[in-house]
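The next block holds one structure in the form of structure tokens; read it before the comments.
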2 protein chains.
Amino acid sequence: MRRLLPAGDTRETRACYLISSSPYAVEINMSHSRTHPCLPLMHMMNLEQIAKLSGVSRSTVSRVINDDPHVSDGTRENVLRVVRLMNYVPNAAARGLARGRTQVIGLVIPTGISTLFADPYFSIFIQGVSSACNAHGHSVMLWLAEPEYERRQIRQIVHGGSIDGVIVASALTDDVLLNELSQSQRPYVVVGRRPNDWQTSYVDADNSGGARDAVRHLLRLGRRRIATIIGPQNMIAGLDRLTGYVMALREYGLPIDQDLIAEGGFNESGGYLAMQQLLPRRPEAVFAASDTMAIGALRAIREVGLRVPDDLALIGFDDTPLAARTDPPLTVIRQPAQQLGRMAVEILLEVIDYPEVAPQCLILPTELVVRASCGAALV
Amino acid sequence: MRRLLPAGDTRETRACYLISSSPYAVEINMSHSRTHPCLPLMHMMNLEQIAKLSGVSRSTVSRVINDDPHVSDGTRENVLRVVRLMNYVPNAAARGLARGRTQVIGLVIPTGISTLFADPYFSIFIQGVSSACNAHGHSVMLWLAEPEYERRQIRQIVHGGSIDGVIVASALTDDVLLNELSQSQRPYVVVGRRPNDWQTSYVDADNSGGARDAVRHLLRLGRRRIATIIGPQNMIAGLDRLTGYVMALREYGLPIDQDLIAEGGFNESGGYLAMQQLLPRRPEAVFAASDTMAIGALRAIREVGLRVPDDLALIGFDDTPLAARTDPPLTVIRQPAQQLGRMAVEILLEVIDYPEVAPQCLILPTELVVRASCGAALV
DNA sequence: CTGAAAGCGCTTACAG
DNA sequence: CTGAAAGCGCTTACAG
């Protein structure tokens, strides 16, 4: 696979591969001579050259580059002129080596293909991370954790010295990487609450608060017999969202009825099955702990001919784009995905700068997005 | 924003921030003393130490690490044992500096928020890139191109020396980064065909072939009066998909009717408006050059009370998850997003290893995904 | 097969 | 305010 070059290895011919069913496709092999435009080669400048060109020492150029105040204004301007003219950017590897800091943070995301595939949550989260990194002059190295490379990836992340710290977006309670990380000196923060882990910093959405808000909303709308489709209880988010459900019911002095609780595995078919299980119990409303489960539930409800929200109100959790496009559109609790990304970076940079300080954790508020499925319009 | 630490800066106290509406939330400030577990510090090994521990020179260790055959089996095993024991991984920065190669490739993605937000295309594409990189022992540095940081990002990418090459997923015909890149010596490949640019390597989906297949499919199903909602014609993909539409019609000896072509800007509201414009022309079928436009079109069609596919067949392009969940589900042309990512890496690594060779380009086939909206079931 | 030494491009005390 | 020099942790001819 690595060798894509055409047989002749010719330097004059454009290599065009058309792995395509289209007999009409317009790509053609063409001879041309513009492969080497012989531009002003300006072969990757370095400190030495900048120093020479501006008539000072490398030390001084370095100081200018790094905004060291101990440089006279004249020298500074001179050097800066040359730097800009030559498009000089200090070599990241050399700088990293000398400083022991790479200005790169790692971002590790589990690639349960299903997850990343359909859910833009990670896309938005990554945007948050990226933008916060930019704001702080850092770059982000992305690792999608593939099982096959796990050991190598982990060694690289923990011992490779290519990053200053790492953000781990892992749902698992017992993660190999996290274990390694906690043994190491490397700064890290995880996305997702870690209740009994007092040495790691984390950010998370307020899952229990969000779930409570969802159920409160249903209660305010007059529903009383409220069921819930819960996520796996070995995931903290799954636990927390159930907690929120319980809290809201308690507030209203309502009993917790085990028959109104069904597990849906955080996926659509799970939600579908859970709903089928709940249907005979005649709930007036259902809080699904994820949008995907809500969508499955919707299918089950429709199959028995009940109407949402008239017969049965429904609220999801996450706010995936699908949620807005179901029939009826889903009322949901929205996760602050972008904010989570941003804050993960902020905290990580703190931890990097002040490694001695206590671990930090941050719970961000969720938001109730009212659409049609909860029946707010009916009241 | 950078300072998140609590006022006291105490080292014994866990800093917990609860930016949340939840009075019930369970996080509490807790005193505890496990912050510094005093683990075996094994402070980032280096060659020197490994050499000392295995009784050989640094050179030899280096050779072992790099699979140099000129090492006796005995020495090799000895060194390897120590390496594994100490969890030694060569420092990436130092290695990068010495070799002039970082084993990191850059991935630049435009962040027209809309795009990345709802469309998992990029997620899947990134997965392809990541997995191919893993397979070749490379890492990926991710840049989401934010306008505000553009200049700095570009300087960093082109002149920063932190990456060996870069994949640019840019739709724009005139991209600042691409211009800079083509002036530089830095290897790069772009995602998206570049018709008149003979010096850059690229990968792309077979947009024209895909569009042609879509329209062919409609033709085979007996539809004749086929309209199309096209994308912006300053984007190559927009152009190519129109070309495919034209090709298919030509194959069947049908005329190209300007009145059956409307521009929808590759977004939903654009698709909606374009469809409204086409409706009076009474098409029997519509090929929308993107799923989002198809979804907009669907809305317009439903508003006038026409049925899909009975009155009007519809095909989209991309295969976003939404496409499978519209009513009726959308028949679409699927892009080989993952493959595109994989191949972008393969080609980039080629270009990095053989910079003197001619630019390479690769067009990957699309796939027709038949669902309900095209009316295949009706025939 | 192995080691001593130079060099990659930067930063950072240390003198002046 | 400025420069000479050591050092960051690796690789790679060059000798042996």
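A note on names: the letters A, B, ... follow the listed sequences, proteins ahead of strands, and every chain is numbered from 1.
When atom types are taken as modelled, the side chain of A:Q153 and the backbone of A:L144 share a donor-acceptor pair closer than 3.5 angstrom. Using modelled atom types, no side-chain atom of A:R81 and backbone atom of A:S54 make a donor-acceptor pair closer than 3.5 Å.
Here A:S72 lies in heavy-atom contact (under 4.0 Å) with sugar-phosphate atoms only. Nucleic acid contact for A:T60: sugar-phosphate only, since backbone atoms but no base atoms lie under 4.0 Å from a heavy atom of the residue.
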Where does DNA chain C pair, written as one dot-bracket string 5' to 3', with Watson-Crick or G-U pairs under 3.5 Å, ( ) inside the strand, [ ] for crossing pairs and | for another strand?
|||.||||||||.|||

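With sequence neighbours excluded, the residues that form a side chain to side chain contact (heavy atoms under 4.5 Å, CB included) with B:L177 are B:V108, B:I154, B:I157, B:V158, B:V168, B:D175, B:L181. Applying the side-chain hydrogen bond (donor to acceptor under 3.5 Å, both in side chains) criterion to A:S62, with sequence neighbours excluded, gives A:N66. For the salt bridge (charged side-chain N to carboxylate O under 4.0 Å, His left out) test, no residue two or more places apart in sequence or in another chain qualifies with A:R76. Partners of B:R101 under the salt bridge (charged side-chain N to carboxylate O under 4.0 Å, His left out) rule, at least two apart in sequence or in another chain, are B:D164, B:D353. Remark: A:Q103 pairs with no residue by the side-chain hydrogen bond (donor to acceptor under 3.5 Å, both in side chains) rule, at least two apart or across chains. B:R58 pairs by the side chain to side chain contact (heavy atoms under 4.5 Å, CB included) definition with B:L47, B:E48, B:A51, not counting sequence neighbours. The side-chain hydrogen bond (donor to acceptor under 3.5 Å, both in side chains) search around B:T60 returns B:S57, not counting sequence neighbours. Take A:S72 and apply the side chain to side chain contact (heavy atoms under 4.5 Å, CB included) test, not counting sequence neighbours, and it matches A:T75.
Using a 4.5 Å cut-off on side-chain heavy atoms (C-beta onward), A:S162 and A:T102 make no contact.
Listed by residue number, B:L97, B:A98 are the residues of residues 90-106 of chain B with a heavy-atom contact under 4.0 Å to DNA chain C. For DNA chain C, the neighbouring residues in residues 50-59 of chain B, judged by any heavy atom under 4.0 Å, are B:V56, B:S57, B:R58, B:S59.
Atom SG of residue B:C133 and atom CE of residue B:M141 lie 12.5 Å apart, to the nearest 0.5 angstrom.
The outermost nucleotides of DNA chain C lying under 4.0 Å from heavy atoms of chain B, listed 5' to 3', are C:dC1 to C:dG9.
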